[in-house]
Amino acid sequence: MRFPLVSVCGLMVGALALTGCGAGNGSAATVHKVGATAGGPMRTGGTLHFGQSQGITQLDPNTIASSSQTQLQTLLWDGLTTYAPDMSVRPDLATSWTHSGDYRHWSFRLRPGVRFDNGKPFTATDAVKNIKRVLDPKTAAQAAVKISMIDTVRAVDAATLAIDLKTPNPQLPNGLVDVKMTDVDHIADINRTANGTGPYKLARFVPNQSVTVVRNDRYWGPRPKFDRIEIQRYADATAAQSAFLSGELDVLTELAPDTASYLAVGKTLLGAPQPAGVAVWELDTKSKPFDNPKARLALSYAADRAAMNQAAYAGKAVLNDTDQPVNPQSRYYASDLPHHAFDLAKARKLFAEAGVKPGTTLTFWTTAGANLEWTTMGQILQGDLKKIGINLQIRSNEVATWAAKAYPKGKRYPGLIYPNFLSFPPPPADYSISWYSNEGTCECNWTAPDSYEQAAAAVSRGSGQDRARGFTNAQRVLNANAPIITLANTSPLSVAQTNVRGVWVQSEGTLHLEHAGFAAGGRS
């Protein structure tokens with residue numbers, strides 16, 4: 001489930017652009033490059049201590065349901081393709097690919113000599129099994145929507161994969177990035193063995209507490225630098241921050257924006273240079289009262305995004321009151337969209353028209369010990385809804401309980417507001433649009449109208465102006481229907497000690513540690 005540029009001396013939404021600017025107590029934070037740690041010589045060896053305040057509950061990379069798991073995606077497993085720091089797609093387990101002129105027929109040449117951790121050779125047959133498993137509705141894979149255009153997939157030989165599409169799509173290599181290659185024949189053992197092809201292999205997994213990975217000396221690519229990486233969940237954000245400031249942790253993720261400045265003093269703040277994530281409230285559009293578009297728009301007008309930005313994001317997020325996910329500073333943003341700005345009188349009127357009477361109680365379903373900004377926004381909403389006679393109860397839950405309430409799509413949660421962070425690759429990738437489509441995985445259960453499906457098809461199949469028009473038309477439909485409420489474009493924040501090298505962040509927030517190491521001569 002998932003992840004605007006503001007002032008030069010402030011958070012960008014996943015990064016603090018502080019070079020030459022004050023931070024925290026007035027000292028300058030060490031930011032060598034927005035979105036990444038410094039480069040330079042790295043030594044081999046040592047243990048990276050990685051902290052977070054959410055636990056990892058399971059290891060299957062193709063059924064990932066929480067951002068707390070994302071850093072494992074490139075440590076333990078590979079895809080056929082991967083992203084470079086500039087978000088271009090590059091080879092991973094596929095060394096090259098070709099396509100027909102109409103983008104419907106694709107051939108991928110696979111890397112020779114790759115083995116799973118158990119010694120089994122990785123072949124095109126394994127790629128077929130993984131793609132089919134992701135596409136199987138029973139798997140509930142988030143990546144399914146990214147490759148939903150696939151019609152058939154087959155192994156031509158051990159090193160050649162052929163994929164035929166139902167409809168043309170030039171973005172197939174992008175879509176395949178998040179389909180990780182597992183040993184499907186032994187998928188039941190994944191929490192015990194992981195059994196991937198990545199640069200590290202699993203040493204120990206304590207669900208919801210810790211994960212330890214060690215160097216995979218049989219890795220097909222460059223030799224990993226760390227001996228091991230220990231990922232530890234902390235009881236709360238305060239304990240995690242204390243551990244980082246004391247030097248117990250080398251990297252800390254899931255930072256609250258209002259703590260980023262002082263944690264970054266003398267450190268390196270990590271974030272996406274071109275963030276594409278969006279903070280949202282999801283709703284069950286098949287259950288009352290949010291099956292009525294007027295109730296959804298009423299909630300949007302009841303959201304004081306400016307106050308929430310100040311309180312929850314230190315004033316640094318980019319507000320998005322158009323109820324669609326595209327960053328307002330993107331060239332793909334439809335600038336003529338009506339704004340659903342804070343207006344309690346309009347919210348009261350629309351709620352009444354939707355049958356939501358004074359005295360009605362709604363529920364805000366958030367996480368315990370993490371995503372504190374969500375709770376802050378819920379408290380602001382609670383106070384404003386009270387002014388128009390609507391009660392809001394806030395319930396905090398463990399991450400697994402929170403996720404299970406609405407994920408995967410199809411579950412009913414009447415009267416519930418479900419805060420979430422959506423981690424989308426930026427346009428022109430089509431996932432931010434296809435996620436809402438009838439074949440997508442939006443937990444909002446929205447039935448998209450034909451006009452939206454046509455726009456989504458233009459985005460996924462077209463190029464140039466056709467794709468841009470598709471983005472515009474899709475945003476207009478979302479803006480009018482508000483299947484989910486968008487609040488701000490933002491991305492996750494992490495911070496690293498300055499002796500950590502080679503870490504970078506994808507636009508939607510995935511933290512890349514696979515080629516990281518300690519600076520030559522640094523501590524272990």
Side-chain angles (χ1 to χ4, degrees), residues 62 73-74 77-112 114 122-136 141-182 197 220-221 276 332 424-435 437 439-440 453-471 474 506-508:
N62 289 322
Q73 297 294 89
T74 57
W77 301 279
D78 302 303
L80 296 179
T81 56
T82 190
Y83 283 121
D86 65 359
M87 293 304 292
S88 62
V89 177
R90 66 182 184 187
D92 204 8
L93 291 181
T95 58
S96 62
W97 49 88
T98 58
H99 57 79
S100 60
D102 62 0
Y103 292 99
R104 290 193 62 178
H105 307 287
W106 295 74
S107 178
F108 291 79
R109 189 68 180 169
L110 304 189
R111 192 176 298 280
V114 176
F122 169 75
T123 70
T125 299
D126 294 294
V128 169
K129 290 177 180 179
N130 276 282
I131 291 170
K132 286 184 174 180
R133 179 172 180 263
V134 166
L135 289 172
D136 185 346
Q142 291 263 347
V145 67
K146 301 180 183 181
I147 59 169
S148 61
M149 76 294 291
I150 292 178
D151 185 23
T152 63
V153 54
R154 65 190 185 280
V156 177
D157 55 45
T160 308
L161 181 72
I163 299 178
D164 295 327
L165 308 185
K166 304 172 203 173
T167 54
N169 194 309
Q171 296 291 313
L172 178 62
N174 297 67
L176 288 169
V177 168
D178 291 321
V179 179
K180 299 304 180 184
M181 295 295 120
T182 65
T197 63
W220 54 265
Y332 288 91
F424 295 132
D430 62 357
Y431 185 39
S432 63
I433 299 302
S434 61
W435 184 74
S437 72
E439 290 188 359
E453 295 296 278
Q454 291 165 7
V459 171
S460 65
R461 302 174 195 173
S463 58
Q465 288 302 312
D466 289 340
R467 178 177 285 265
R469 278 191 293 269
F471 268 104
Q506 274 183 210
S507 62
E508 95 300 341

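Hydrogens, waters and symmetry mates play no part in the numbers below; they use all other heavy atoms, side chains included. Position 1 is the first residue of the sequence, and the numbers go up from there.
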Rounded to the nearest 0.5 Å, what separates atom [atom1] in [X] from atom [atom2] in [Y]?
| X | Y | atom1 | atom2 | result |
| --- | --- | --- | --- | --- |
| L93 | W77 | CG | CH2 | 13.5 Å |
| I150 | I131 | CD1 | CD1 | 5.0 Å |
| F424 | D430 | CZ | CG | 11.0 Å |
| K146 | L135 | NZ | CG | 13.5 Å |
| T197 | K180 | OG1 | NZ | 9.0 Å |
| I163 | D151 | CD1 | CG | 11.5 Å |

Self-check item: Trace of the side-chain contact (heavy atoms from CB on, under 4.5 Å) decision for T167 with M149
Solution: CA-CA 6 Å; T167 54; M149 76 294 291; 4.1 Å; yes
Side chain to side chain contact (heavy atoms under 4.5 Å, CB included) partners of [X], counting only residues at least two apart:
| X | answer |
| --- | --- |
| E453 | S437, N438, A448 |
| D126 | F116, K120, F122, T123 |
| A94 | L80, W97, F108, L110 |
| V145 | Y431, S434, T441 |

Exercise. Just jot down the ring-ring contact (aromatic ring centres under 6.0 Å, His included) partners of Y103, sequence neighbours excluded, or say none.
Key: H99
Quiz item: So Q73 and Q506, side-chain contact (heavy atoms from CB on, under 4.5 Å) or not? Walk me through it.
Solution: CA-CA 12 Å; Q73 297 294 89; Q506 274 183 210; over 6 Å; no
For [X] and [Y], which heavy atoms make the closest approach, and how far apart are they?
| X | Y | result |
| --- | --- | --- |
| K166 | R104 | O-NH2, 3.1 Å |
| A124 | A155 | CB-CB, 3.7 Å |
| A127 | L161 | CB-CD2, 4.0 Å |
| V459 | G470 | CG2-C, 3.3 Å |
| A455 | A474 | CB-N, 3.5 Å |
| G175 | V179 | O-CG2, 4.0 Å |

Quiz prompt | Partners meeting salt bridge (Lys or Arg N to Asp or Glu O under 4.0 Å) with D157 (sequence neighbours left out) | solution =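 With neighbours one apart ignored, the set is R109.
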When you measure from the side chain of [X] to the backbone of [Y], do you find a donor-acceptor pair of N or O atoms at a distance under 3.5 Å?
| X | Y | result |
| --- | --- | --- |
| S100 | H105 | yes |
| T81 | V177 | yes |
| N130 | M181 | no |

Quiz item: Is the shortest side-chain N to carboxylate O distance from D164 to R154 below 4.0 Å?
Solution: yes
Quiz item: Looking at D466 and R469, does any basic side-chain N land under 4.0 Å from a carboxylate oxygen?
Solution: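 R469 and D466: salt-bridged.
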Quiz item: For K132, does the NZ atom have more than 12 heavy-atom neighbours from other residues, nucleotides or ligands under 6.0 Å away?
Solution: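 It does not: K132 NZ has 12 such atoms or fewer within range.
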Quiz item: Of L165, V134, D178, N169, which meets side chain to side chain contact (heavy atoms under 4.5 Å, CB included) against I147?
Solution: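 Filter result, single survivor: V134.
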